[in-house]
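What follows is a single structure, written as structure tokens, with notes after it.
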Amino acid sequence: MARIAFIGLGNMGGGMAANLVKAGHEVRAFDLSEEALSRAEGNGASRAASTSEAVKDAEVVITMLPAGKHVKAVYADEVAPNAAKGVMMIDCSTIDVATAKSVGETLRGLGFDFVDAPVSGGIAAANQGTLTFMVGGSDEGFERARPFLEQMGKAVIHAGGAGAGQAAKICNNMLLGATMAATCETFALAEKLGLDLQTFYDISSKASGQSWSMTSYCPVPGVGPETPADRGYEGGFAAALMLKDLKLAEEAAQSVGAYTPMGAEAEELYQRFVERGGGSKDFSALIKMIDDSWKVPDSK
Ligand code: NAD
């Protein structure tokens, strides 16, 4: 069993840290939010007063933070100056490929092992320990990180060298954003053409238009398996997080000169939906903007 510093105990990190406690590790937790920290303590982690304190005697450091700027600052200002040489560092946040690469390079230069290991799966998967991890880093780094990731997930895949985990994550989510947008507009069109939506689902889910967005996550209430659409688009994967991932994908595409018109269009649609107050709704609620039934929430 290992001494693990876990930094960032929000929606995702809270459940992930709890699973490491359940697996028998000594987890020292820190978050800027008192509420998140108390919840982690309630789940069996011990409370640290700061990231610097949490990482002092740690053998492994795991971070689950909002974005690249937080990851960069936390590793540069608090983790690297206080961690013992040779410590394994794992960043599970979804961040831009360039920052993941540069943070990893700096840490390896200082004698630490570092992998980028973003996740697929939402809050329920984080709580249940069924996340999928996409890992970027050396073979040795991957093998060192793997046992800990396996205790928080159902699949741990080595995507390639530094930054490859983030690259795989944003490619996957760009595809998801584009297929969801296409699924939403298709059902809106089917309805306008007078098709019964359950009948259309029965046809298309067995025909060449089938996709995960349709058969596992149908944006139409009452059609297909139970999804956030059946719960008023609450829970699930927030549209604001989909927009974040689409922006990361566009940024990465520009950095390598890749032409991604479908990704760009999906980003534009999610941008408009978020600006119209849909950011906290599940990302499949985009269908309501597309079929024009979305009501902008009262700002009062
Ligand atoms: P969240 O906002 O709920 O949690 C982030 C936590 O980090 C917060 O509790 C915040 O207080 C803490 N934090 C911020 N700066 C800090 C600092 N300097 N030191 C210590 N703590 C700090 O976000 P989340 O939903 O848990 O997402 C975390 C990451 O996982 C994001 O990168 C997100 O894109 C990714 N992700 C989220 C989901 C999801 O469904 N929520 C799914 C896949 C990936």
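Note that this is a predicted model, so its numbers are computed, not measured.
Across all non-hydrogen atoms, the minimal contact from Q198 to G224 is OE1-N, 4.0 Å. Across A162 and D116, no two heavy atoms sit closer than the pair C-OD1, 3.8 Å. Taking each heavy atom of M64 and F6 in turn, the nearest pair found is CB-CE2, 4.0 Å. Annotation for L9 and R39: closest pair O-NH1, 4.0 Å, computed over non-hydrogen atoms. The nearest pair of heavy atoms linking G163 to A100 is CA-CB, 4.4 Å. For the pair A190 and L197, the tightest heavy-atom approach, listed with the atom from each and the gap, is CB-CD2, 3.9 Å.
The salt bridge (charged side-chain N to carboxylate O under 4.0 Å, His left out) pairs that include a residue from residues 47-59 are R28-E53, E34-R47, E41-R47, where partners are two or more places apart or lie in different chains. Under the salt bridge (charged side-chain N to carboxylate O under 4.0 Å, His left out) criterion, no residue pair touches residues 155-179, with sequence neighbours excluded. Residue pairs satisfying the side-chain hydrogen bond (donor to acceptor under 3.5 Å, both in side chains) criterion with at least one member in residues 179-192, sequence neighbours excluded, are listed as follows: T179-S213. Residue pairs meeting the salt bridge (charged side-chain N to carboxylate O under 4.0 Å, His left out) criterion with at least one partner in residues 75-97, sequence neighbours excluded, are absent.
Using bins of under 30°, 30° to 60° and over 60° for the plane-to-plane angle, the ring pair F237/F283 lands in the perpendicular bin.
Partner L20 forms a side chain to side chain contact (heavy atoms under 4.5 Å, CB included) with one of V60, N43, I62 and no other, that one being I62.
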With a 3.5 Å cut-off and sequence neighbours excluded, list the donor-acceptor pairs that the side chains of residues 144-152 form with protein atoms.
residue : atom : partner : partner atom : Å
R144    : NH1  : G86     : O            : 2.9
R144    : NH1  : D113    : OD2          : 3.1
R144    : NH2  : G86     : O            : 3.0
R146    : NE   : E143    : OE1          : 3.2
R146    : NH2  : E143    : OE1          : 3.2
R146    : NH2  : E143    : OE2          : 2.9
Q151    : OE1  : H25     : NE2          : 2.6

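Between F114 and Y75, the ring center distance clears the sub-6.0 Å criterion.
L176 places a side-chain heavy atom less than 4.5 Å from the side chain of M242.
Under a hydrophobic-cluster definition in which Ile, Leu, Val, Met, Phe, Trp and Tyr are linked whenever side-chain heavy atoms come within less than 4.5 Å, directly or via other members, F273 and I287 are assigned to different clusters.
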Next item on the list: Dump the intermediate steps for salt bridge (Lys or Arg N to Asp or Glu O under 4.0 Å) on E251 and K247, then the final yes or no.
Entry: CA-CA 6 Å; E251 208 178 297; K247 283 182 187 293; over 6 Å; no

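For the pair Y233 (side chain) and P219 (backbone), a donor-acceptor distance under 3.5 Å is present. In this structure a side-chain-to-backbone donor-acceptor pair under 3.5 Å is present from S93 to L65.
When the side-chain contact (heavy atoms from CB on, under 4.5 Å) test is applied to A167, the partners found at least two apart in sequence or on another chain are V97.
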